[in-house]
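Only a predicted model underlies this, so the values are computations on that prediction, with no experimental measurement involved. In each ligand, atom 1 is the first atom listed, and ligand 1 is the first ligand listed.
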Amino acid sequence: MPGYNVHRLFNYAVFIAIIILLHIRDISIINLKHVLAFGAGYYTGTVLLTPDLDTDSTAIKKWGKLKIFVLPYKWMFVHRKSSHNIVYGAVVRILYIGLIILVMYYLLFKSLPAETIFSSVYVFIFLIGIIIANALHILLDTLL
Ligand SMILES: [Zn+2]
């Protein structure tokens, strides 16, 4: 079973390969902002919002004092079961953290964020980055 650092290095290597491939192919519809949004999501999905939040993992330790927010996730999910589902595992984690962020936002500002934040193409690309990073995690878990 690959550990946290093996997952990280694998995802970073795939990310570099994707960037080199995009550069070689000269895909002009993708600009630097798209790459940064994808990279931020991909990094989040690799380091913080990983499928291994369902167990005592380095990923949970990376949350530091904010770990209190992800511990209920760990308690709710059995390690390597539904949280490691390639189809809906990442979506459930995104919804879980998204709900916490919305509640915190509401408690701080007494309102919800503007609709335009959610309809931004960059938020969508960020989420795709998380989903792909999580899918690679599950793929590596399956292979090793
Ligand atoms: Zn795993």
Side-chain angles (χ1 to χ4, degrees), residues 1-27 29-109 112-113 115-144:
M1 223 173 289
Y4 180 78
N5 282 328
V6 172
H7 280 296
R8 259 182 352 114
L9 293 174
F10 177 71
N11 278 17
Y12 295 160
V14 171
F15 182 79
I16 290 168
I18 291 170
I19 296 303
I20 290 172
L21 190 69
L22 290 175
H23 184 71
I24 290 171
R25 290 291 192 140
D26 194 26
I27 298 174
I29 60 162
I30 298 170
N31 63 36
L32 182 61
K33 288 180 184 174
H34 293 137
V35 173
L36 289 175
F38 178 80
Y42 192 87
Y43 181 78
T44 301
T46 298
V47 174
L48 292 173
L49 218 51
T50 81
D52 287 344
L53 288 182
D54 61 5
T55 187
D56 284 320
S57 62
T58 305
I60 285 191
K61 291 180 188 119
K62 291 288 178 190
W63 282 83
K65 290 184 193 277
L66 296 176
K67 168 170 88 172
I68 193 165
F69 294 115
V70 291
L71 285 177
Y73 180 89
K74 183 185 118 184
W75 299 328
M76 282 189 283
F77 293 94
V78 177
H79 183 47
R80 288 182 152 241
K81 295 292 181 189
S82 62
S83 61
H84 276 65
N85 183 292
I86 203 160
V87 178
Y88 58 80
V91 173
V92 169
R93 274 184 295 286
I94 289 167
L95 291 174
Y96 175 83
I97 289 299
L99 182 65
I100 290 172
I101 291 171
L102 274 180
V103 168
M104 297 306 291
Y105 188 96
Y106 186 79
L107 291 174
L108 285 172
F109 301 109
L112 292 174
E115 209 173 273
T116 52
I117 290 175
F118 300 111
S119 60
S120 164
V121 69
Y122 300 109
V123 170
F124 180 73
I125 292 171
F126 178 84
L127 296 177
I128 295 295
I130 292 174
I131 290 168
I132 290 176
N134 278 209
L136 288 170
H137 176 110
I138 293 162
L139 178 72
L140 196 62
D141 274 354
T142 307
L143 294 175
L144 301 180

Answer key: the N, O or S atom of Asp52 nearest to the Zn ion (ligand 1) is OD1

Short side-chain donor-acceptor distance under 3.5 Å, Ser57 and Asp52: no

Is any N, O or S atom of His84 under 2.8 Å away from the Zn ion (ligand 1)? yes

For Asp141, what residues pass the side-chain hydrogen bond (donor to acceptor under 3.5 Å, both in side chains) criterion, not counting sequence neighbours? His7, Arg80, His84, His137

Return yes when at least one N/O/S atom of His79 is nearer than 2.8 Å to the Zn ion (ligand 1), and no when none is. no

Mind listing the closest non-hydrogen atom pair of Ala90 and Asn134 along with its distance? CB-OD1, 3.6 Å

Measuring from the Zn ion (ligand 1), name the closest N, O or S atom belonging to Asp141. OD2

Using the side-chain hydrogen bond (donor to acceptor under 3.5 Å, both in side chains) rule, pick out the option among Lys61, His79, Lys74 that qualifies with Asp56. Lys74

